[in-house]
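Please read the structure below before turning to the comments.
Per chain, numbering begins at 1; letters A, B, ... match sequence-line order. Keep in mind that the numbers below use all heavy atoms, side chains included, and drop hydrogens, waters and symmetry copies.
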2 protein chains.
Amino acid sequence: MPRKTINREDVLKKMGAHVLEHGLNTASLRPLAKAAETSDRMLIYHFGSKEALIAELLQFLARNMALELDKALPPEPAPDLNACLRDIVALLRSPAFAPFMRVWLDIVSSAAQGSISHSVIGGAMIEGFFQWLQGRLPDDTPDPETTVRAMMALIEGVVVLDAVGQSDAADRAIAHLFPI
Amino acid sequence: MPRKTINREDVLKKMGAHVLEHGLNTASLRPLAKAAETSDRMLIYHFGSKEALIAELLQFLARNMALELDKALPPEPAPDLNACLRDIVALLRSPAFAPFMRVWLDIVSSAAQGSISHSVIGGAMIEGFFQWLQGRLPDDTPDPETTVRAMMALIEGVVVLDAVGQSDAADRAIAHLFPI
DNA sequence: ACCATAATGTAGCGACCGCTACAATAGAAA
DNA sequence: TTTCTATTGTAGCGGTCGCTACATTATGGT
């Protein structure tokens, strides 16, 4: 094995940062390579194809986002359901997570267009979020599996409404479905 | 004014059909022109730029979807709130409306990436939906403005969850937040 | 020391992108 | 009928796309 093999993790990290800043669906090899301080030639060499690269990059971003979520909100039961939901919505709306939400909507739209890989990783991210969320529900929450799915649906709705400038409507929806 | 001027409505209709079938964000001038039985040259001539064309096409699609919604679900108060929500979700999930939902998610992701025009038309579509929905609420619904926003958030969440293969979770969310 | 081979750079392929310069055409106005 | 101009076709520009052919390098195994 001559020459040093590339630091895959480092390349993924730099490409991930580029995608978080500039978007997923508009990302192309040459800008990605520049961000990772390499060449499109090498990206194809190491990942096989753009499709495989994007799939691996999405896995990487999903792992990273999960880590960030754990860091921002440690797995402790919330005092009550409404506080739980509000904290999470505030977190996802924060500048630290807004880029993830943009990439998330890119994944969703690609999945809706029929991309299997985007649908698979998107579904896995949702299921991971279910678990993450369940660990933060108040201890006495009845039917936690269903509760996290209800909260998740509302959260996704909020993300969509935020994206088209309807944050006020999203706030009213939260207040109505999860009154303080 | 020599020669016949193009039938703008007909061109929009054909391009709209193409976008509903093949996606919005991946649409480019030459395939759009082919669908409309004209040339990219003429599309630019009549619409000024691709950006202006897409903006007008989105207005057209929004109008059309509003018409289709009215046709599918006439403005009569529903017997109860849960039936109202379930009918609407079933409608948006039907084959007739699934293509609109795909385009909708394309609009949302572009809006999230910072496209002003997508955000504006997306917000307008949501507000139109608020009105449409309010006309179908049961007569005795308290605080209809807030209710439609809550239903809208849930509906958008369902659309997102459906897109990534989490329709089961979406169903459970509906059953939990709007129990029969 | 030498060699096999993994890693990399350079250059470019063919396809597509949005858009435009230029010329031709056709029909209304005179 | 002639002229003027809105409309259209043809061809192509400069750019980007994913990807590859080919040559070169550098290093670990022998």
Rounded distance in Å - CG (B:Asn25) to P (C:dG18): 12 Å
Strand-adjacent residues in residues 34-53 of chain B, judged by heavy atoms under 4.0 Å from DNA chain C: B:Asp40, B:Arg41, B:Ile44, B:Ser49, B:Lys50
Within residues 39-59 of chain A or reaching into it, pairs that qualify as salt bridge (charged side-chain N to carboxylate O under 4.0 Å, His left out) - sequence neighbours excluded: A:Arg8-A:Glu56, A:Arg30-A:Asp40
Which residues share a salt bridge (Lys or Arg N to Asp or Glu O under 4.0 Å) with A:Glu76, sequence neighbours left out: none
Residues clustered with A:Ile180, ILVMFWY side-chain links under 4.5 angstrom: none
Atom-pair distance (CZ on B:Arg30; C1' on D:dG15), nearest Å: 12 Å
Sub-4.0 Å heavy-atom contacts from residues 10-23 of chain B onto DNA chain C, ordered by number: none
Residues that B:His46 engages under ring-ring contact (aromatic ring centres under 6.0 Å, His included), provided they are two or more places apart: none
Using distance only, find each side-chain donor-acceptor pair of residues 84-96 of chain B under 3.5 Å and give its atom names and separation, not counting sequence neighbours.
residue : atom : partner  : partner atom : Å
B:Arg86 : NH2  : B:Phe178 : O            : 2.6
B:Arg93 : NE   : B:Asp162 : OD2          : 2.7
B:Arg93 : NH1  : B:Asp171 : OD1          : 2.8
B:Arg93 : NH2  : B:Asp162 : OD1          : 3.0
B:Arg93 : NH2  : B:Asp171 : OD1          : 3.2
B:Ser94 : OG   : B:Leu91  : O            : 2.6

Co-members of the apolar cluster containing B:Leu67 [side chain, <4.5 Å]: none
N/O donor-acceptor pair under 3.5 Å between A:Ser119 side chain and A:Ser115 backbone: no
Pairs of donor and acceptor atoms involving the side chains of residues 126-136 of chain B, under 3.5 Å and at least two apart or interchain, shall be tabulated with distances.
residue  : atom : partner  : partner atom : Å
B:Glu127 : OE2  : A:Gln166 : NE2          : 3.1
B:Trp132 : NE1  : B:Asp70  : OD1          : 3.2
B:Arg136 : NE   : B:Leu73  : O            : 2.7
B:Arg136 : NH1  : B:Trp132 : O            : 2.7
B:Arg136 : NH2  : B:Asp70  : OD1          : 3.0
B:Arg136 : NH2  : B:Leu73  : O            : 2.8

